[in-house]
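Order of appearance sets the numbers: ligands from 1, and atoms from 1 within every ligand. As the structure is a prediction and not an experimental result, all values here were calculated from the model. FYI, the numbering just counts along the sequence from 1.
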Amino acid sequence: MAQLWGGCFTKETNQLVYNFNASISFDKKFYKQDMEGSIAHVKMLGKQGILTEIETKQLVKTIKEILQEVEAGTLEISDKYEDIHSFVEAMLIERLGDIGKKLHTGRSRNDQVALDMRLYTRQEVLETDELLEKLLNVILIIMENNINTYMPGFTHLQKAQPVTLAHHLGAYFEMFKRDRQRMEDIYQRMNYCPLGSGALAGTTYPLDRYDTAKQMGFEGPTLNSMDGVSDRDYLIEFLSALSTIMMHLSRFSEEVIIWNSNEYQFVEIDDAYSTGSSIMPQKKNPDIAELVRGKTGRVYGALMSLLTTMKGIPLAYNKDMQEDKELTFDAIDTVKGCLALFTGMLSTIKFRKDRMEASAKNGFTNATDAADYLVNHGVPFRDAHGMIGQLVLYCIEKKAAIDDLSLEELKAISPVFEKDIFEAISMKTCVEKRLTIGAPGQEVMKKVISIEREYLSKDWKEKIKDWESELFK
Ligand code: ARG
């Protein structure tokens with residue numbers, strides 16, 4: 001057992017209690033952030049005259065050495081320490097003696113862990129955003145290449161009206177674009193530094209919280225020390241946004257699975273992204289899409305879990321909060337993995353334009369347009385709707401599409417029909433006449449694509465300066 005406390009204890013901690021309490025097995029994940037936070041803290045203590053220049057230099061130098069050794073694999077983060085904070089402090093004391101013992105001046109593990117988790121998550125928000133951006137790029141390329149690839153649009157999974165592949169994928173573009181906006185939004189709201197909050201009530205040392213905040217690229221310090229150590233809202237927001245990403249990925253996966261089925265054959269998943277069956281030699285399964293769909297529950301679970309953990313916690317820090325880590329780490333790794341794999345699968349998928357167009361041609365996807373034709377010739381919409389209903393019934397009996405009927409057959413339903421009906425209900429007309437912004441018609445689709453191209457050419461992350469290199473100077 002290696003712990004930072006125990007001065008007022010008269011008995012050794014029970015080993016099971018120690019194990020139950022310890023967090024090093026998972027909080028070692030943010031060893032780097034922990035040491036970066038310590039460097040910023042020490043530098044500030046030096047500037048404020050709380051540490052001497054020599055002490056400051058030695059501490060900063062030794063933390064950097066420890067970090068390098070850990071990164072090089074020559075120093076192992078041993079599980080015998082209670083948490084990552086204890087490990088770093090113990091290493092410093094081992095190497096610097098009394099000077100090492102000064103690291104924790106004016107700081108508590110409560111504000112330290114709040115900082116570490118925030119630094120770690122902040123970086124993950126950026127990485128998630130980057131993966132979303134890559135996915136958006138792949139989607140936009142497919143859209144650009146498919147503004148006149150006709151396919152059926154569905155409601156209730158029943159063929160409804162013809163659209164294009166660009167239009168269908170454009171819906172996902174909007175979803176993932178909003179997911180990116182959520183990343184930017186979360187980043188901005190979470191980017192305040194809790195360090196200096198102390199255990200809960202700040203500290204009597206003359207800390208410069210603006211300085212540490214600035215060193216680590218934060219907008220400023222958090223403005224209430226009790227909130228500083230006990231706020232986990234940003235994790236809940238992030239987990240909620242991650243859940244929404246998974247919901248979007250899962251819906252998209254579901255479509256890929258349906259489209260890849262033998263009945264649809266709208267897509268062929270690349271061999272590199274399919275898996276086989278151990279018994280049925282003919283099978284190529286969409287396992288990646290299924291796994292993405294399946295892992296969605298796991299990420300939702302993390303969100304529910306943290307919401308529930310936080311709901312009864314009185315101010316300020318309570319040990320319950322240690323539970324924020326494993327599930328958040330797992331959710332982040334899961335979503336990042338899913339985004340990367342889904343993007344790979346989508347960029348190699350083959351769209352069977354022939355199958356999509358053939359499918360759009362039957363299933364009466366032009367029935368609305370046939371009714372509109374009658375309306376444009378003076379028939380009240382409700383009557384037109386009824387007539388086309390009759391027409392569809394007639395077609396089903398005849399096993400024909402509306403387009404296949406003769407003008408005489410059409411006229412038997414309504415004398416209003418003339419030769420130009422065939423042009424009016426052709427798939428091309430059905431799609432290309434839909435020209436309100438957001439609709440599938442080519443002209444507006446091109447406009448939307450250029451708006452999205454412009455959007456992708458700007459990256460909000462460029463506004464964020466590289467704080468890491470600053471700190472390691
Ligand atoms: N391992 C703890 C956590 O993750 C660090 C903070 C410990 N603070 C304390 N007062 N015991 O939350």
(message) Other residues, nucleotides and ligands only: do more than 12 of their heavy atoms fall within 6.0 Å of CZ on R355?
(response)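 Yes.
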(message) Let's go through K159 and S359 carefully: what are the C-alpha distance in whole Å and the side-chain angles of both, what is the deciding distance for side-chain hydrogen bond (donor to acceptor under 3.5 Å, both in side chains) to 0.1 Å, and is it a yes or a no?
(response) CA-CA 9 Å; K159 286 181 201 175; S359 170; 3.2 Å; yes
May I ask you to identify the nearest protein heavy atom to [atom], giving residue, atom name and distance to one decimal place in Å?
atom: atom 3 (C) of ligand 1; value: Y317 OH, 3.2 Å
atom: atom 10 (N) of ligand 1; value: N110 OD1, 3.0 Å
atom: atom 4 (O) of ligand 1; value: K325 NZ, 2.6 Å

(message) At less than 4.0 angstrom from any non-hydrogen atom of S23, what atoms of ligand 1 do you find?
(response)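 Counting atoms of ligand 1 from 1, those under 4.0 Å from S23 are 1 (N).
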(request) Go through ligand 1 atom by atom and flag the ones less than 4.0 Å from a non-hydrogen atom of Q322. (result)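 The list of qualifying atoms is 1 (N), 2 (C), 3 (C), 4 (O), 12 (O).
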(request) With R182 as the cation and Y187 as the aromatic partner, state whether NZ or CZ is under 6.0 Å from the six-membered ring centre and within 45° of the axis. (result)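 Geometry flag: not set, cation outside 6.0 Å or 45°.
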(request) Would you please indicate yes or no on a ring centroid separation below 6.0 angstrom for Y120 and F329? (result)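 Centroid separation for F329 and Y120: below 6.0 Å.
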(message) Side chain, backbone, both or neither: which applies to Q112 and ligand 1 if a contact is any heavy-atom pair less than 4.0 Å apart?
(response)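 Neither; nothing of Q112 gets under 4.0 Å from ligand 1.
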(request) Check whether the side chains of T222 and R209 place a donor and an acceptor atom closer than 3.5 Å, and report yes or no. (result)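 Their side chains do contain a donor-acceptor pair, which is all the 3.5 Å distance test asks for.
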